[in-house]
Amino acid sequence: MEYNFLEIEKRWQKFWADHKTFKAEDNSVKPKYYVLDMFPYPSGAGLHVGHPLGYIASDIVARYKRHKGFNVLHPMGYDSFGLPAEQYAIQTGQHPSVTTTQNIARYREQLDKIGFSFDWDREVKTSDPQYYKWTQWIFIQIFNSWYDKSADKAQPISSLIAEFEKNGNGSVNAVCDDDIKTFSSEDWKQFSEKEKSDVLMRYRLAYLGEAYVNWCPALGTVLANDEVKDGVSERGGHPVERKLMKQWSMRITAYAQRLLDGLEKIDWTESLKESQRYWIGRSEGTSLRFKIQGHPDIEVFTTRPDTIFGVSFVTIAPEHDLVNAITTPAQKQAVEEYVIKTKNRSERERQADVNTVSGVFTGAYVIHPFSAQQIPVWIGDYVLAGYGTGAVMAVPGHDERDYKFAKHFNLPIPEVVAGGDLSKEAYAAKEGILINSDFLNGLSVKEAIKKAIEKIEEKKIGHGKVNFRLRDAVFGRQRYWGEPIPIYYVNDIPHALNENELPLVLPEVDKYLPTEDGEPPLARAAENWKKDGKYNYEASTMPGWAGSSWYFLRYMDPHNGSEFADRKLMDYWQNIDLYIGGSEHATGHLLYVRFWTKFLNDMGFIGVDEPAKKLINQGMIQGRSNFVYSLVGSSLFISYDIIKKYTDAPHSREELKKLIQARFPDIEPAALDSLRIQKLHVDVNIVENDVLQKENFKKWRDDLGNATFMDEEDKYICGVEIEKMSKSKYNVVSPDDISERFGADTLRLYEMFLGPLEQSKPWNTNGITGVSGFLKKLWRLFASTPLSVTPSTPLSVTPSTPLSVTPSTPLSNTASLNVTEAEPTKAELKTLHKTIKKITEDIERFSFNTSVSNFMICVNELTDAKCNKRAILEPLLICLSPYAPHITEELWHLLGHKESIVFEKFPEVNESYLVDDAFTYPISFNGKMRFNIELPATLTVPEIEKEVMGREEVQKYLEGKTPKKIIIVPKKIVNIVV
RNA sequence: GCUCCCGUGGUGGAACAGGUAGACACGCAGGACUUAAAAUCCUGUAGCUUCACGGCUGUACCGGUUCGAUUCCGGUCGGGAGUACCA
């Protein structure tokens, strides 16, 4: 009987699908467990071996938890809106939905071959109108809300309107735009409809507002901060510039503090929490107003109010509102030139040379609030318009950037905190004693900060303030392939659609490009794409992160047509117990999904305020590229080991020439003469253990048919480098190929065996024979005949057995196996229970690589013991089934079971089998090992001490001296300190 | 620059709470079976030293705490990830 994995895996995958084995129950008395993978964007390239890594881990946990008696929710879906499908559409004219559907089908086919236990009935696709109907609905809820600081939660906008009508906005404590004028209830009632709408817009959590955004001209759209890396777009790498635009945004800043606090109670990795903390960027400081003759005050934010007497100038951003107003006629030209210059610099240039100091004097002066001195106002692009107030009080003595600026423009650098050497550099440390600072003199920095805030508040020129680095999230995208924003305009006033008008379905367009006058592609929609036939819809669409910000909830009730999900179901499933995905989503998706969860919780739609209790970032699997070395001008390929030997020094190159000439006399003289060697990527699929398969290589490309090889012992060795897995590098390994050659179970085990889940590592197929051999060994434990007298009769197990065989009538029967009903020995029970214990611990702490090792140890021991007893093998199968579901299911049925192994209870550890009769203690003196003593394992610590001290060898070593201390670590060691 | 993570054999990696470092696997070497190959099985495999028993050195480097450190603390070097004029 052979282990025919291809036939077995296909058959069981079909069985599970037909029987809906992995259906999650909505009404269950069992405890729930929700394991979720970050759903993929279905790209055209299909899956490579790196993609399923996290899915395999989550699948193991899901299957394990089922064995442990949990009702498991383990769904999968697709984040199917996105840029690549749209760009493909622009090039080919093919509708993105067509490409997306094809890609999804391909993904599904590949996923199915790995034997995942997903409940496919719950599949969601963000581009499905029945899904994005509810994305739009949630958008409307956010649009119809404002953030009440007093209650510290979102509230319906109707409550704000009621307050305006009653009392105006005087006592409203909201997170909103910061330059809203105060109005009374009478004022409010006088406002026109448009004015009312504008005012409300400044309070809404989803709002249309003017803001500096990341504009990407090449993509023709705005991008969120997390979609921009190093000044270029994350997708495509196009330059990005700052642009003032009217855009839909989300007031995520309202949730900054709660997003920060929430991190404390969730089990995510420290590094991930750290990057979210950094992204949110809370800083405590003081807001402070400087008076300026004839103009509104200039407000600054500082974390160092203690250095107030060290201020020698004030710097404002080039985009600051007051730039034009305060500039004196004499400076007007210089300022204008500077402002235009900085505006034209792309964000990337601006970031690239952060060390170049630039700025210009406005000619204006502010008055120092305490010393009453005149302080010059400068413009500098090191001050960012978007952070704080866009203005800083410059303290060159104690801030590096101010220091550089002052040095460059020869401005005074007063010292107000003792401890540094200001002739060399700024002293920015927050320690030291204040000097030259009037009422702050002699205080420590900490005390001075407190005192300065007191004085500032006393003078009513400012107050203590917390600032966040986090900016509101731009929500509109000038793209086609996204959710339409459910807004229409009547006389330029935006209105949200009603629930019964959803979904607002994405209209057909003739082209997927912006219109000639720069409107987003949706503006190309036919004339009749209008609300009630006359009102224009919003033409921008939602960003990629909209659909993924709540999908974990939709899985709980994916087909609900009347709500985004039923509250009862959401209360049962709560939130994700284990979430697995890449760390690249740390400051994007993972922040937005927390934001929406908190919002939905505020509004009472859901009962949880964090989406995931535990999160694991799986590492990236890199590609392992192979190279061949061609002699330019010839068809000769030289093996890497020869290249390595002969290319370092010039004289060895001469030797190489001679060598080539000796072995290949017919070589083209010109090629030999120049001896240029070109390194070329070679498809890793025609390389085995870094040895080139020459025949396949010749067939790989047409021009290689007459390739000749120079190598040693007929082995052409390829060069190796670790790179990102990509088609162009010919280093993509497809999971399909691995499954075909070794089986899906082997693929699953090997991906886990490769190393810790969270670590990035290169894919290397070389080691796979280890796990493949392990499964064969396991099979032989059941099917071989090491003990039996008569070999098992070979049943009709031809590999071509048709799939129609229903697994409830097993392919063959127990007779074909060689498993006995004999009583297991103590040693066999120990092997089994040791394994159960280790595996349980391994899974509970997500250490999948060690658990694979532990299975191998177990099977090795059982093979050595020639153990083929049912009482040992059956529990082992259950333990292994989360990892290698197909082979275990097959053997389980061959053992005569009718039910799927999926529903079996996970075996419990019986500790009594693990207790040894005797235990060997290493005895050390002062930490140095000397010898071992065997003692009964049941002894208590004092008994061990007594026994050890009674031994002749110990006494001999002590030579009559009394030990100072005896340290006994039960089951480990006895250390005697002399 | 800042923040976080990590440095263990030829390789991937184990060592979970400070207690016999190198489990397990790959690779390599030798052997068995075979006409041969594949497959399978057995033995060895950190370094130095010893005929051998054994001994010594070893977890990037330097130092500390401890009877005992891969593990804890301080410093240095090297690698990776995130982030970047955030006042």
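Lettering of chains follows the sequences in order, A, B, ..., and the numbering in each one begins at 1.
Nucleotide B:G19 has B:C67 as its partner under the Watson-Crick or G-U criteria, with both atom distances under 3.5 Å. Of all nucleotides present, none satisfies the Watson-Crick or G-U wobble test against B:U34 with each distance under 3.5 Å. Base-pair partner of B:A81: B:U3 (Watson-Crick or G-U wobble, both distances under 3.5 Å). With both pairing distances under 3.5 Å, B:G27 is matched to B:U45 as a Watson-Crick or G-U wobble pair. The nucleotide B:G58 finds no pairing partner, because no Watson-Crick or G-U wobble arrangement with both distances shorter than 3.5 Å includes it.
Salt-bridge formation is not detected for the pair A:Glu841/A:Lys838: no Lys NZ or Arg NE/NH1/NH2 atom is positioned less than 4.0 Å from an Asp or Glu carboxylate oxygen.
Considering only side-chain atoms of A:Phe753, the nucleotide from B:C16, B:G12, B:C85 that sits closest is B:G12. Across B:U3, B:C85, B:G19, the shortest atom-to-atom separation from the side chain of A:Leu384 is found for B:C85. Here B:C24 is the nucleotide among B:C24, B:A87, B:C2 with the atom lying nearest to any side-chain atom of A:Ser853. Nearest nucleotide to the A:Ile857 side chain, out of B:C24, B:A15, B:C4: B:C24. Closest to the side chain of A:Arg780, out of B:G19, B:A25, B:C41, is B:C41. In this structure, of B:A87, B:G19, B:A84, it is B:G19 that holds the atom nearest to the side chain of A:Ile967. Residue A:Gln759 has its side chain nearest to B:G13 when only B:A87, B:C26, B:G13 are considered. Out of B:C26, B:C42, B:U20, the shortest distance to the side chain of A:Thr769 is found at B:C26. Considering only side-chain atoms of A:Ser271, the nucleotide from B:A87, B:A84, B:C4 that sits closest is B:C4.
Of the N and O atoms on the side chains of A:Ser853 and A:Thr850, not one donor lies less than 3.5 Å from an acceptor on the other residue. A:Asp842 and A:Asn854 share a donor-acceptor pair across their side chains, judged by distance under 3.5 Å alone. Of the N and O atoms on the side chains of A:Glu721 and A:Ser625, not one donor lies less than 3.5 Å from an acceptor on the other residue. With hydrogens and angles left out, the side-chain atoms of A:Ser760 and A:Gln622 include no donor and acceptor closer than 3.5 Å. Checking A:Glu934 against A:Tyr921 by side-chain atom types alone, no donor-acceptor pair falls below 3.5 Å.
A distance of about 47 Å separates the P atoms of B:G31 and B:G63, rounded to the whole Å. For B:U59 and B:U70, the P atoms lie 7 Å apart once the distance is rounded to whole Å. B:A23 and B:A32 have their C1' atoms separated by 27 Å, with the value rounded to a whole Å. Taking atom C1' in both B:A69 and B:U83, one finds a spacing of 34 Å when rounded to whole Å. For the P atoms, the distance linking B:A29 with B:G68 amounts to 44 Å, nearest Å. A distance of about 15 Å separates the P atoms of B:A60 and B:A14, rounded to the whole Å. Comparing the C1' positions of B:A46 and B:G58 gives an interatomic distance of 8 Å, to the nearest angstrom. With C1' as the reference atom, B:C16 and B:G27 are 29 Å apart, rounded to whole Å.
At a threshold of 4.0 angstrom between heavy atoms, the contacts of A:Lys777 are confined to the sugar-phosphate backbone, with no base atom among them. A:Thr315 comes within 4.0 angstrom of no nucleic acid atom, judged by non-hydrogen atoms across all strands. Within 4.0 Å of A:Glu270, counting heavy atoms only, lies no atom of the nucleic acid at all. Using a 4.0 Å heavy-atom criterion, one finds that A:Asn860 contacts the sugar-phosphate atoms exclusively. Residue-level contact check: A:Pro756 touches the backbone only, with heavy atoms under 4.0 Å from sugar-phosphate atoms and none from bases.
A straight line from NZ of A:Lys834 to C1' of B:C16 spans 16 Å, rounded to a whole angstrom. One interatomic measurement links the two molecules: CD1 of A:Ile768 to C1' of B:C24, which rounds to 16 Å at whole-angstrom precision. Look at CD on A:Glu227: it is 13 Å from P on B:U83, rounded to the nearest Å. Protein atom CG of A:Leu757 is 15 Å distant from nucleotide atom C1' of B:G12, rounded to whole Å. In this entry the distance linking CH2 of A:Trp763 with P of B:U11 reads 21 Å, nearest Å. Summarising the geometry, the separation between OH on A:Tyr883 and C1' on B:C24 is reported as 14 Å, rounded to the nearest angstrom. Atom CG of A:Asp864 is separated from atom P of B:C24 by 11 Å (rounded to the nearest Å). The CZ atom of A:Arg469 sits 6 Å away from the P atom of B:A84 (whole-angstrom rounding).
Distance OH/A:Tyr64 to CZ/A:Phe848: 10.5 Å, rounded to 0.5 Å.
Neither OP1 nor OP2 of B:C2 sits under 4.0 Å from any side-chain N or O of A:Tyr278. Dashed line: the shortest gap from a side-chain N or O of A:Ser924 to OP1 or OP2 of B:U20 is not under 4.0 Å. A sub-4.0 Å separation between OP1 or OP2 of B:A14 and a side-chain N or O of A:Asn849 is present.
Below 30°, between 30° and 60°, or above 60°: for A:Trp378 and A:Phe409 the angle between ring planes is between 30° and 60°, a tilted geometry. Taking the six-membered ring where the residue is Trp, A:Phe405 and A:Tyr382 present tilted rings, their angle falling between 30° and 60°.
Each of A:Lys761 and A:Lys776 has a nearest nucleotide on RNA chain B; the 5'-most of these lies closest to A:Lys761. Nearest-nucleotide positions on RNA chain B place A:Lys838 closer to the 5' end than the other of A:Lys838 and A:Thr587.
Between the side chain of A:Arg471 and the base of B:C86 there is at least one donor-acceptor pair of N/O atoms closer than 3.5 Å.
Base orientation at B:G75 is anti, since its O4'-C1' glycosidic dihedral falls outside 90° of 0.
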